[in-house]
Amino acid sequence: MTPLTSAAAWMALQSHVPTLKALHLRELFAADPRRGERLTLEAAGIYLDYSKHRITDETLRLLLALAAESGLRERIDAMFSGQRINSTENRAVLHVALRAPRGADIRVDGVNVVPGVHEVLDRMADFAQRVRSGAWLGHSGKRIRNIVNIGIGGSDLGPVMAYEALRHCSARDMRFRFVSNVDGTDFAEAVHDLVAAETLFIVSSKTFTTLETMTNAHSARDWALAALGGDAAAVARHFVAVSTNAQAVSAFGISTDNMFGFWDWVGGRYSMDSAIGLSTMLAIGADNFTALLGGFHEMDEHFRQAPFERNLPVLMGLLTLLYANFFDAQTVAVLPYEQYLKRFPAYLQQLTMESNGKHVTLAGTRVDYDTSPVYWGEPGTNGQHSFYQLIHQGTRLIPCDFIAFAKPLNVLGRHHDMLLANVFAQGQALAFGKTADEVRAEGTAGTLVPHRVFEGNRPSSTLLLDELTPAALGKLVALYEHCVFTQAAVWRINAFDQWGVELGKVLAQRIVPELESPTEPALAHDSSTNALIRRYRQMKRG
Ligand code: F6P
């Protein structure tokens with residue numbers, strides 16, 4: 001197979017990029033008065049303005065050729081048809097089956113997985129209804145008022161993000177907390193004002209072996225039992241599990257009747273719409289959860305069917321790749337102008353970087369090009385008064401994704417127009433900047449001119465949606481999932497394993513007994529780690 005960097009489309013892009021780098025967005029807009037309407041795409045209720053990217057029609061043509069040459073179409077078909085595309089774990093990758101309608105037929109090894117998905121969804125809906133209505137009572141007969149999800153990574157970030165995003169349609173008479181960190185503070189603060197008799201813990205872990213989650217789950221059980229008189233039978237009314245590991249769930253003491261399952265073909269970071277979304281369903285109700293899944297599915301179908309030049313995730317994935325591989329951009333800023341999406345950038349960090357932070361191809365050879373950029377961000381307008389300075393006038397190129405909604409969820413005077421004016425203004429300022437002549441024309445004195453110049457030519461996408469409904473959230477998440485997929489197909493990497501998290505986990509397990517040993521342990525690490533362990537042991541003795 002020809003190496004990616006020698007592939008025809010890649011090489012064509014390489015020769016094309018110097019011309020592109022010499023062009024300013026000011027020129028591109030001046031040359032085509034309709035650019036701002038032409039380079040837009042509307043699909044699945046999302047309007048994407050990609051006109052403020054440093055591209056010409058030729059760039060787009062070459063990027064699309066790269067996608068085609070990379071076999072993206074075949075990769076999409078392979079995923080949707082249940083092939084084991086997660087080759088290093090020998091697993092199918094079927095998060096798209098989690099949101100397939102009841103009658104769909106998606107097979108893994110000849111077996112349709114969709115009926116099983118809906119069976120779990122139905123059990124979740126029944127359970128959520130019983131808890132929300134007060135039919136499910138705690139051990140001492142009290143109604144459940146507090147839900148605490150215990151999980152980490154994909155078993156936490158999706159649930160927290162979705163709860164925050166959809167808080168406006170959540171049960172306001174219930175409290176939702178999320179515990180992830182093994183730092184005891186996380187658990188302590190999450191429960192400090194809760195009454196155990198009214199609290200339900202959801203232990204969410206695909207494997208049910210993750211150190212942080214199991215440590216927190218044991219502390220939660222101790223906390224609940226201590227408050228509930230020590231009767232182990234209380235666990236059945238105050239703990240449910242979401243996992244693929246029934247044996248470990250039983251061993252923890254949770255009956256498998258109170259377990260909601262999923263499957264090895266659901267990656268942790270692709271699982272917020274599986275039973276891992278139980279806390280989401282408890283918060284927003286089964287109907288809203290169904291709407292969320294509907295949004296995911298609409299984007300899945302768009303991704304599967306739309307031609308690449310009219311395909312939102314494909315275009316966005318390729319544009320990101322253009323900057324990462326040909327402009328040496330190291331990061332992407334995701335900037336939602338919607339306060340409810342405050343955890344969306346954090347959610348995307350796992351989705352994008354655990355997926356595409358890889359250094360070898362599917363065939364195991366070291367890549368000689370960059371893979372995933374660093375994703376980061378904060379809601380606007382807050383970021384404007386913090387790190388936007390660097391995006392506008394710093395020395396690094398940082399492509400931005402602006403996300404905005406036409407309708408506010410909390411109507412408050414002129415707030416929403418101000419919010420939207422800001423998001424439009426930021427894209428404009430980044431693209432067009434302000435020249436030295438313009439600065440001088442405003443009456444700025446000579447020495448100050450360079451400080452007040454905005455070079456512009458800084459690329460951004462603007463995503464405009466109607467309103468942050470459950471369906472809209474599903475569409476947005478699926479959009480980024482498939483962006484990641486598109487990039488991985490071009491980079492020839494496996495977006496669905498995460499071996500990079502293993503080494504640290506193993507080393508930590510080795511160090512724990514050395515920290516806890518009552519006698520001075522014989523240490524055989526490097527001199528730095530040995531010294532840190534000794535210093536910590538000394539410091540904790542006081
Ligand atoms: O540490 C990485 C990871 O395996 C993630 O991929 C996963 O989302 C997270 O840990 C939690 O895993 P689990 O759901 O099995 O507890």
Side-chain angles (χ1 to χ4, degrees), residues 85-95 98 120 124 148-163 178-183 186-187 201-221 239-252 254 259-280 343-344 346-358 371-372 375 477 480-481 484-485 488 493-512:
I85 60 170
N86 177 358
S87 51
T88 59
E89 296 179 316
N90 191 29
R91 289 176 181 165
V93 174
L94 273 182
H95 42 278
L98 298 171
V120 175
M124 288 165 63
V148 182
N149 185 76
I150 299 177
I152 198 163
S155 302
D156 167 70
L157 289 161
V160 184
M161 183 278 288
Y163 171 66
F178 300 85
V179 178
S180 53
N181 202 333
V182 75
D183 182 340
D186 205 12
F187 180 78
F201 290 95
I202 306 174
V203 185
S204 296
S205 174
K206 180 174 168 180
T207 54
F208 228 74
T209 57
T210 305
L211 170 95
E212 292 90 337
T213 301
M214 297 327 296
T215 307
N216 278 318
H218 281 101
S219 298
R221 193 172 55 183
F239 284 82
V240 298
V242 177
S243 187
T244 57
N245 186 350
Q247 217 178 345
V249 168
S250 296
F252 179 84
I254 298 177
M259 168 181 160
F260 300 87
F262 59 114
W263 305 270
D264 73 354
W265 41 260
V266 182
R269 54 195 174 273
Y270 297 87
S271 68
M272 61 168 275
D273 45 347
S274 71
I276 290 290
L278 185 61
S279 60
T280 314
R343 296 290 291 168
F344 192 60
Y347 170 78
L348 284 187
Q349 289 189 318
Q350 187 198 14
L351 177 65
T352 57
M353 296 196 275
E354 199 172 75
S355 294
N356 283 346
K358 306 291 162 64
T371 57
S372 181
Y375 279 74
V477 174
Y480 279 95
E481 286 177 349
V484 164
F485 186 93
I493 57 177
N494 184 358
F496 301 106
D497 61 12
Q498 55 285 317
W499 301 105
V501 300
E502 294 304 323
L503 180 58
K505 285 188 196 175
V506 172
L507 294 179
Q509 292 288 14
R510 217 172 280 164
I511 293 171
V512 169

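All ligand and atom numbering here is 1-based and tracks the order in the structure. We use all heavy atoms of the structure for the numbers below, so side chains are in, but hydrogens, waters and symmetry mates are not.
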Classify the ring geometry of F201 against F187: parallel below 30°, tilted from 30° to 60°, perpendicular beyond 60°.
parallel
Output block, N or O contacts of ligand 1, threshold 3.5 Å exclusive:
{"unit_1": "ligand 1", "atom_1": "6 (O)", "unit_2": "E354", "atom_2": "OE1", "d": "2.7"}
{"unit_1": "ligand 1", "atom_1": "8 (O)", "unit_2": "G154", "atom_2": "N", "d": "2.7"}
{"unit_1": "ligand 1", "atom_1": "8 (O)", "unit_2": "Q350", "atom_2": "NE2", "d": "3.2"}
{"unit_1": "ligand 1", "atom_1": "14 (O)", "unit_2": "S155", "atom_2": "OG", "d": "2.6"}
{"unit_1": "ligand 1", "atom_1": "14 (O)", "unit_2": "K206", "atom_2": "N", "d": "2.7"}
{"unit_1": "ligand 1", "atom_1": "15 (O)", "unit_2": "S205", "atom_2": "OG", "d": "3.4"}
{"unit_1": "ligand 1", "atom_1": "15 (O)", "unit_2": "K206", "atom_2": "N", "d": "3.4"}
{"unit_1": "ligand 1", "atom_1": "15 (O)", "unit_2": "T207", "atom_2": "N", "d": "2.9"}
{"unit_1": "ligand 1", "atom_1": "15 (O)", "unit_2": "T207", "atom_2": "OG1", "d": "2.6"}
{"unit_1": "ligand 1", "atom_1": "15 (O)", "unit_2": "T210", "atom_2": "OG1", "d": "3.4"}
{"unit_1": "ligand 1", "atom_1": "16 (O)", "unit_2": "S205", "atom_2": "OG", "d": "2.6"}
{"unit_1": "ligand 1", "atom_1": "16 (O)", "unit_2": "T210", "atom_2": "OG1", "d": "2.5"}

Could K358 and D497 be called an ion pair, given the rule that one side-chain N must be under 4.0 Å from one carboxylate O?
yes
ring-ring contact (aromatic ring centres under 6.0 Å, His included) test vs Y480 passes for just one of Y270, F344, Y375, namely F344
Of all heavy-atom pairs linking A217 and F252, the shortest is O-CZ, 3.5 Å
Judged by modelled atom types alone, do N86 and N494 share a side-chain donor-acceptor pair under 3.5 Å?
yes
Do you see a donor-acceptor pair shorter than 3.5 Å between the side chains of T207 and N245?
no
